[in-house]
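Each chain gets a letter, A, B and so on, in the order its sequence line appears, and its residues count up from 1. What you see is a predicted model; the values in this text were computed from it and never measured.
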Amino acid sequence: MHNINYIRDNPIEFDNAMKLRGEDAISYKILEIDKIKRETQTVLQNLLSERNTLSKEIGYLKSKNGNAKNEISKVEELKEKINSLKELENIKENELNSILTRLPNIPHKSVPNGKDEKDNTFYRQWSSKPKFSFKPKVHYEIGEKIGLINFENASKLSGSRFVILKNQISKLERSISNFMLDKHTQENGYIEYSVPFLVKEDSLFGTGQLPKFGDDLFTAGDDHWLIPTAEVPLTNLVRNEILNINQLPIRSTSFTPCFRSEAGAAGKDTRGMLRQHQFTKVELVSVVEPEYSQDELERMLSCAESILKDLNIHYRVMTLCSGDMGFSANKTYDIEVWLPGEEKYREISSCSNCGDFQARRMNTRYKKDDKNILVHTLNGSGLAVGRTLIAILENYQMEDGNVEIPEVLRKYFNNKTLL
RNA sequence: GGAGAGAUGGCUGAGCGGUUGAAAGCACCGGUCUUGAAAACCGGCAACGGGGCAACUCGUUCGUGAGUUCGAAUCUCACUCUCUCCGCCA
């Protein structure tokens with residue numbers, strides 16, 4: 001959510017920022033509502049003040065057994081005016097909120113301008129594309145051939161966009177998540193959490209999924225929603241808190257399933273397990289002081305990258321352009337892993353700085369020099385486990401159809417070298 | 001699922017129709033004392049918003065929403081959440 005004071009002071013900059021994100025210029029409308037709201041408020045507050053004074057007099061007179069008839073009838077007159085002004089203030093407040101809560105975050109000045117993913121820019125890469133002496137297969141061919149990835153049975157149980165992993169591949173998924181959590185908790189300074197997979201509306205509002213993107217989520221009825229990412233529970237851990245400065249930075253991580261309805265992705269990536277209604281992910285979340293958030297984004301990115309480096313898989317990092325970023329982000333890096341079977345780079349992590357955008361929605365502040373200041377929040381995948389599994393299958397496949405186990409994962413397999 | 005209790009400031013916890021924005025304690029900040037620290041003592045310390053260049057001033061907020069009243073943390077209703085006991089259960 002946006003700071004109304006910023007819009008008041010910088011309406012043109014604000015409109016320009018929104019245009020970069022594909023929104024219409026709307027500051028004139030916001031400021032008009034804001035103006036009426038404040039004028040109403042001023043008149044209302046004067047009347048309230050008058051009422052309060054009179055009520056105190058009445059109390060005083062009554063305690064002295066005096067006659068307060070006059071004062072009481074005066075207050076009764078005020079009441080009507082007060083109520084209608086309150087109503088107007090309320091209406092304007094709601095109008096303002098419904099606009100403000102639906103506008104995306106302002107891009108950081110280092111973010112490239114652009115419309116969609118084609119305008120994302122190259123940031124850096126690590127290692128290079130592996131060479132194969134045979135034609136590498138795509139992940140589902142590898143998995144289905146050895147009978148350990150099963151889509152038909154999954155759709156029997158749950159419909160399309162679900163998958164069943166079996167035996168060594170199931171174990172591979174588990175070992176990947178263990179490896180990631182171990183790395184982040186032991187080397188990267190994150191604290192591990194086990195969190196609820198069902199959350200209430202407030203939490204989803206806090207991180208920005210609601211009110212605008214309910215279609216992308218699954219509901220569990222009774223005001224419970226399935227989390228689309230552990231960002232939601234981890235970030236909302238500090239909702240409505242005033243933190244002590246020495247609690248910062250907070251770095252948390254969690255391994256969870258993620259549930260997404262993929263409402264807008266009809267026909268996209270229907271083959272394989274790249275885009276599922278349910279997938280697992282290790283998430284990283286940071287809560288920091290404002291002045292450190294861009295540094296923290298770089299740090300978080302490095303932590304996510306460290307996983308792929310250890311797995312020895314080639315990837316590149318892209319800076320998302322203004323039009324391709326998620327709703328709450330002011331800057332986002334995507335890590336795209338190389339998939340030799342597909343011969344494509346595919347997103348495996350997305351690391352975002354949300355600035356104070358989520359903090360304002362969540363009302364999360366910290367105390368500094370006697371002032372309450374909104375924190376900055378960041379989140380990133382560290383990494384998407386399902387897609388990491390795909391990357392391992394495709395990058396570590398051998399001509400005979402078997403798959404080598406990456407060295408860092410072998411300890412989870414009794415030092416076996418092949419799946 | 002049945003029965004009961006509760007929700008007050010960063011935390012604990014009084015208040016139960018009229019200087020109560022809210023006692024007290026803890027935490028925190030400043031000071032005195034001390035070689036330094038601790039202790040002790042003194043002082044400060046809620047959030048959000050409106051108006052004002054500012055000193056300042058006004059309003060709102062005691063889980064959330066509605067209601068009663070001249071006036072509500074205090075009364076009424078609904079909702080949400082927490083806790084205890086019983087049942088069921090991984």
Side-chain angles (χ1 to χ4, degrees), chain A residues 1-9 30-101 194-206 210-211 219-225 233 236-248 250 257 287 289 356 358-375:
Chain A
M1 192 147 72
H2 294 287
N3 182 356
I4 184 74
N5 287 321
Y6 175 82
I7 304 176
R8 275 178 208 152
D9 296 341
I30 293 172
L31 292 179
E32 185 185 286
I33 298 169
D34 178 54
K35 187 168 169 242
I36 298 172
K37 192 198 111 187
R38 280 194 294 166
E39 284 168 356
T40 309
Q41 217 168 1
T42 305
V43 180
L44 173 64
Q45 290 183 355
N46 286 337
L47 293 178
L48 286 172
S49 172
E50 211 176 309
R51 184 199 67 183
N52 290 346
T53 314
L54 282 168
S55 284
K56 268 184 191 158
E57 269 174 51
I58 294 166
Y60 176 77
L61 287 170
K62 289 220 164 173
S63 71
K64 297 252 157 136
N65 282 322
N67 188 335
K69 278 250 155 59
N70 226 341
E71 284 72 12
I72 289 177
S73 70
K74 270 194 215 163
V75 177
E76 271 169 342
E77 266 174 56
L78 285 177
K79 224 174 157 180
E80 223 173 287
K81 286 188 210 163
I82 287 174
N83 282 340
S84 68
L85 284 172
K86 259 189 193 163
E87 205 178 318
L88 180 61
E89 192 204 8
N90 238 318
I91 290 169
K92 291 298 155 190
E93 174 105 56
N94 288 340
E95 280 178 27
L96 199 58
N97 272 339
S98 93
I99 297 174
L100 252 29
T101 56
S194 173
V195 295
F197 308 150
L198 293 178
V199 294
K200 295 188 297 174
E201 203 174 309
D202 299 351
S203 296
L204 288 157
F205 177 84
L210 290 180
T219 338
D222 297 339
D223 188 34
H224 279 123
W225 303 70
N236 277 281
L237 245 25
V238 294
R239 188 170 84 235
N240 254 316
E241 302 271 344
I242 299 177
L243 301 165
N244 198 312
I245 191 166
N246 57 31
Q247 291 175 263
L248 302 176
I250 293 171
V287 179
E289 291 186 69
D356 63 13
Q358 293 179 324
R360 188 170 290 107
R361 291 174 156 253
M362 294 194 299
N363 197 24
T364 303
R365 295 145 296 164
Y366 75 107
K367 187 74 80 185
K368 188 185 189 186
D369 300 331
D370 253 13
K371 280 198 207 124
N372 296 322
I373 302 171
L374 291 167
V375 297

Please determine whether a side-chain nitrogen or oxygen atom of [X] lies at a distance below 4.0 Å from atom OP1 or OP2 of [N].
X	N	result
A/K37	B/rG50	no
A/R38	B/rG49	no
A/R8	B/rG50	yes

Roughly how many Å apart are [M] and [N], using the [atom1] atom of each and rounding to a whole number?
N	M	atom1	answer
B/rA66	B/rG30	P	42 Å
B/rA38	B/rC28	P	10 Å
B/rA27	B/rC11	C1'	7 Å
B/rA23	B/rA14	P	14 Å
B/rA73	B/rU60	P	9 Å
B/rU64	B/rC81	P	15 Å
B/rA7	B/rC62	P	13 Å
B/rG63	B/rU80	C1'	8 Å

Side-chain donor-acceptor pair under 3.5 Å between A/Y366 and A/E289, yes or no?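 Yes, because at least one side-chain N or O of A/Y366 sits under 3.5 Å from a partner of the opposite role on A/E289.
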Measure from [atom1] on [X] to [atom2] on [N] and round the result to the nearest Å.
X	N	atom1	atom2	value
A/N240	B/rA47	CG	P	14 Å
A/K92	B/rG50	NZ	P	17 Å
A/L243	B/rC28	CG	P	17 Å
A/R239	B/rC81	CZ	P	12 Å
A/Q247	B/rC11	CD	P	11 Å
A/K367	B/rC45	NZ	P	12 Å
A/L44	B/rG49	CG	P	17 Å
A/E201	B/rC79	CD	C1'	14 Å

Would you say the side-chain atoms of [X] pair up with the backbone N or O of [Y], donor to acceptor, closer than 3.5 Å?
X	Y	answer
A/S49	A/Q45	no
A/R361	A/F205	yes
A/N236	A/S203	yes

Output the distance between atom [atom1] ([X]) and atom [atom2] ([Y]), rounded to the nearest 0.5 Å.
X	Y	atom1	atom2	result
A/L54	A/N52	CG	CG	9.0 Å
A/K37	A/N90	NZ	CG	10.5 Å
A/E32	A/L96	CD	CG	11.5 Å

Closest contact, heavy atoms only, A/P233 versus A/V195: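 For A/P233 and A/V195, the tightest heavy-atom pair comes out as CG-CG2, 3.6 Å.
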Write down the atom of A/E201, the atom of A/L210, and the distance for their closest heavy-atom approach.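 The answer is CG-CD1, 3.4 Å.
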Residue mapping more 5' on RNA chain B - nearest nucleotide basis, A/N244 or A/N363: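 So the residue in question is A/N244.
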Mind checking if [X] touches a base, just sugar-phosphate, or nothing, with heavy atoms under 4.0 Å?
X	answer
A/K56	nothing
A/N372	sugar-phosphate
A/K200	sugar-phosphate

Any chance you could list the contact pattern along nucleotides 57-78 of chain B? Use B for base contacts, S for sugar-phosphate-only contacts and - for none, protein heavy atoms under 4.0 Å, 5' to 3'. -BSS---------BS-------
Quick one: the dot-bracket string of RNA chain B, using Watson-Crick and G-U wobble pairs with both distances under 3.5 Å, [ ] for crossing pairs and | for bases paired to another strand. ((((((((.[[[..)..(.....]]].(((((.......))))).((((((....)))))).[[[[[..)....]]]]])))))))....
Among A/I373, A/N372, A/N363, A/V375, find the residue that satisfies the side chain to side chain contact (heavy atoms under 4.5 Å, CB included) test when tested with A/I242.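 Of all the options given, the one that passes is A/N372.
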Determine, for A/K92 against A/E89, whether the closest basic-nitrogen to carboxylate-oxygen distance falls under 4.0 angstrom.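 Here A/K92 does not pair with A/E89 in a salt bridge, since their nearest N and O are not under 4.0 Å apart.
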